[in-house]
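We count ligands from 1, going down the list as the structure has it; atoms in each ligand are counted the same way.
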Amino acid sequence: MVRLSNNLVGILNILTFLLSIPILAGGIWLSRQANTECERFLEKPVIALGVFLMVVSLAGIIGACCRVSWLLWFYLLVMFLLIVLLFCFTIFAFVVTNKGAGEVVSERGYKEYRLGDYSNWLQKRVNSQKNWNRIKSCLQDSKVCRSLIDDGSNTPAETFYKEHLSALQSGCCKPLDDCNFTYVTPTNWTKTAKGSTNPDCVAWDSDPSILCYNCQSCKAGLLDNIKSDWKKVAVLNFIFLVFLIVVYSIGCCAFRNNREDNAWKRYP
Ligand SMILES: *[C@@H]1O[C@H](CO)[C@@H](O)[C@H](O)[C@H]1NC(C)=O
């Protein structure tokens, strides 16, 4: 009798094994290339993911094709934990990204973001100095604020006030409206004495490497970004979860086959 489930598990795992090779190679390449803290932040999770996929798919290939029951058992255990973990993570992330939204500012095209509006758990993550320094280095490397002055940086104030800015641009690249600073370019504002006492107004600097990257509004902008990205990730997670459950079920059949085959050998 052809053991279809064993072959399927074998083929699926050969695919995951092949996938793990470029991921691992990419992680190692990143660790060689990385010269900013932002890039270094990614290399460890990528390498870990590559090694994890490689080990689990090897266990699946050998377990299914060579009928090694304990390897297949290990493979199924890891898959089961992965399904439970992904399920919990999806629910948790839903709860955590439920709160918070941008606030409309009068006579402005953009919204502004307040850290206090977002969930306490997320606030704690971005308030950790270690986490924030990493995120900040990614923002500084990115084009988020530079893209505002790419067009020659002589946008008149009236035009700028009408622009729709992304949450990160609004929070990190310009001072709060409350500060009442004088507009020069989108990322250059002159401080005035009669500003508000908001700490974000003190944190502002026209130096392109400082801007409002230390502001609470920048952290809030990031959380708003995460919140809207989360909706896309949730859909992907759901598809992936269905896929994992199908693979897990096929794996269970292969495991049962292994045990039946072994029983057959033992009691002819
Ligand atoms: C901001 O504008 C002022 C006035 O034009 C200028 O003196 C200053 O060098 C600019 N700062 C930056 C960081 O571009």
ask   = Can you say whether the rings of Y248 and F80 are parallel (under 30°), tilted (30 to 60°) or perpendicular (over 60°)?
value = tilted
query = What do the steps show when you test F89 against W230 for ring pair (Phe, Tyr, Trp, His ring centres under 6.0 Å), and what is the final call?
reply = CA-CA 12 Å; F89 172 71; W230 178 248; 5.6 Å; yes
query = Are the charged groups of R114 and D117 less than 4.0 angstrom apart, N to O?
reply = yes
key: Every residue of the protein that comes under 4.0 Å of ligand 1, judged on heavy atoms   = V184, N188, S206
key: Salt-bridge contact E112-K174 (side-chain N to carboxylate O under 4.0 Å)   = yes
message = I'd like to check the ring-ring contact (aromatic ring centres under 6.0 Å, His included) partners of F52; sequence neighbours left out, ordered by chain and number.
response = none
request  = Measure the shortest side-chain to side-chain distance between D177 and Y110 over non-hydrogen atoms and say whether it is less than 4.5 angstrom.
outcome  = yes
